[in-house]
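Here is the structure we will look at.
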Amino acid sequence: GKRAFIAGVADDQGFGWAIAKALSAAGAEILLGTWVPALNIFETSLRRGKFDESRVLPNGGMLEIAKVYALDAVFDTPEDVPEDIKNNKRYAGASNWTVQEVAEAVKADYGSIDILVHSLANGPEVTKPLLETSRKGYLAAISASTYSYVSLLKYFAPILNHGGASLSLTYLASERIIPGYGGGMSSAKAALESDTRVLAFEAGRKHGIRVNTISAGPLRSRAAKAIGF
Ligand code: ZID
């Protein structure tokens, strides 16, 4: 069977969860990467059976999650983590959650993976038009929504088996004007799509893996509700 690592699952409402179910139904082993501040409530909810109804697969089986890794994809290595995050109580319970450390942990636990999924985005100023967006908000959107994918691929490519696949989720606002998708999120998705082409070229040659992005339709996930979509 195949093994998949899916970054960006913290409840049963988003694309990451649905992708986990589809891959599990197809026989894959599922590893998740969950944003550190959301980890506690996600693991508690899982343990208490809050997601049991949505864990049911079309074939009648249940989604089994082999392991949940704490992850914050805006930090690549421990050296990149600033003091205020280190001392933040929402990060205190978890460790080894930078991209490099998570890739190392997955390697130590499982050796390799076949599928890497990036299902995460964050744009702190998404409700502001681009014209009103601060430099800080714009760069934060690009960091969390786009460079996070470059970083994941950089650290996971060496443990992705030859012939493996990696995937992210994008949105049409990259190429058409969609009011309400602000804060640099349209820019982040445009960069993600361009990076997908370049990464497919580079990682295809270097690691023999495929790199794709899917332009998603609307889903009332937590992230979508936050922007009133
Ligand atoms: P989600 O809230 O389920 O997933 C986002 C996840 O990212 C959450 O679990 C967060 O905890 C996690 N996260 C945030 N920051 C970090 C971080 N630094 N490190 C680790 N994890 C982090 O929402 P989702 O399923 O909507 O989002 C998954 C992907 O789908 C994102 O790339 C979205 O941009 C993308 N996407 C979603 C939609 C949608 O409708 N939900 C659309 C297109 C793309 C879309 O916006 N018409 C109108 C709107 C849209 C499509 C059509």
Side-chain angles (χ1 to χ4, degrees), residues 5-22 31-43 45-46 51 54 65 68-77 80-82 85 88 90-91 94 96-103 116-127 137 139-153 155-156 166-193 195-196 212-229:
F5 180 85
I6 304 166
V9 179
D11 58 37
D12 62 349
Q13 302 292 304
F15 281 118
W17 178 268
I19 291 167
K21 283 177 70 176
L31 314 176
L32 300 182
T34 299
W35 195 31
V36 187
L39 181 70
N40 258 335
I41 181 151
F42 179 60
E43 288 199 305
S45 303
L46 262 181
F51 302 133
S54 47
I65 297 163
V68 180
Y69 293 86
L71 171 70
D72 193 323
V74 306
F75 302 110
D76 306 311
T77 69
D80 297 325
V81 182
I85 297 283
N88 185 320
R90 299 211 295 167
Y91 285 74
N96 303 325
W97 42 256
T98 65
V99 177
Q100 179 187 44
E101 292 169 289
V102 175
L116 173 69
V117 180
H118 174 281
S119 181
L120 65 96
N122 195 15
E125 297 182 16
V126 65
T127 57
L139 293 176
I142 293 272
S143 174
S145 313
T146 311
Y147 189 77
S148 57
Y149 188 46
V150 179
S151 178
L152 273 173
L153 202 56
Y155 288 104
F156 278 81
S166 91
L167 179 72
S168 70
L169 291 154
T170 186
Y171 178 40
L172 185 71
S174 61
E175 42 178 311
R176 306 231 187 120
I177 299 147
I178 302 190
Y181 203 74
M185 281 305 297
S186 58
S187 331
K189 293 304 192 189
L192 181 66
E193 291 173 21
D195 292 353
T196 300
N212 285 289
T213 187
I214 293 179
S215 195
L219 176 71
R220 286 213 88 214
S221 64
R222 190 184 162 97
K225 281 179 193 154
I227 54 175
F229 274 30

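All heavy atoms count here, side chains included; hydrogens, waters and symmetry mates do not. Both ligands and their constituent atoms are indexed starting at 1 by order of listing.
Contacts between Arg220 and ligand 1 below 4.0 angstrom, taking non-hydrogen atoms only, are absent altogether.
Heavy-atom proximity to atom 9 (O) of ligand 1, evaluated over Ala144, Ala10, Ala7, Ala223, is greatest for Ala10. With atom 43 (C) of ligand 1 as the reference point, the heavy atom nearest to it among Leu169, Leu32, Thr170 is part of Thr170. By heavy-atom distance, the residue among Ala226, Ser119, Ala70, Ala18 lying nearest atom 4 (O) of ligand 1 is Ser119. Between the choices Leu219, Leu152, Val117, the shortest heavy-atom distance to atom 41 (N) of ligand 1 belongs to Leu219. When Ala216, Ala121, Ala224, Ser221 are checked for heavy-atom proximity to atom 14 (C) of ligand 1, Ala121 turns out nearest.
Less than 4.0 angstrom separates some heavy atom of Gly8 from each of these atoms of ligand 1: 4 (O), 6 (C), 9 (O). Numbered from 1 in the order shown, with element, the atoms of ligand 1 that lie under 4.0 Å from a heavy atom of Asp72 read 17 (C), 18 (N), 19 (N). For ligand 1 and Val74, the ligand atoms under 4.0 Å from any heavy atom of the residue are 18 (N).
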Side chain to side chain donor-acceptor pair (under 3.5 Å) assessment of Ser168 paired with Thr213: CA-CA 5 Å; Ser168 70; Thr213 187; 2.8 Å; yes
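In this structure, Phe51 and Phe42 have tilted ring planes: the angle between them lies in the 30° to 60° band.
Residue Lys189 holds its NZ atom at 10.5 Å from CD1 of Ile142, rounded to the nearest 0.5 Å.
Judged by distance alone, the side chains of Tyr149 and Ser166 do bring a donor and an acceptor atom under 3.5 Å apart.
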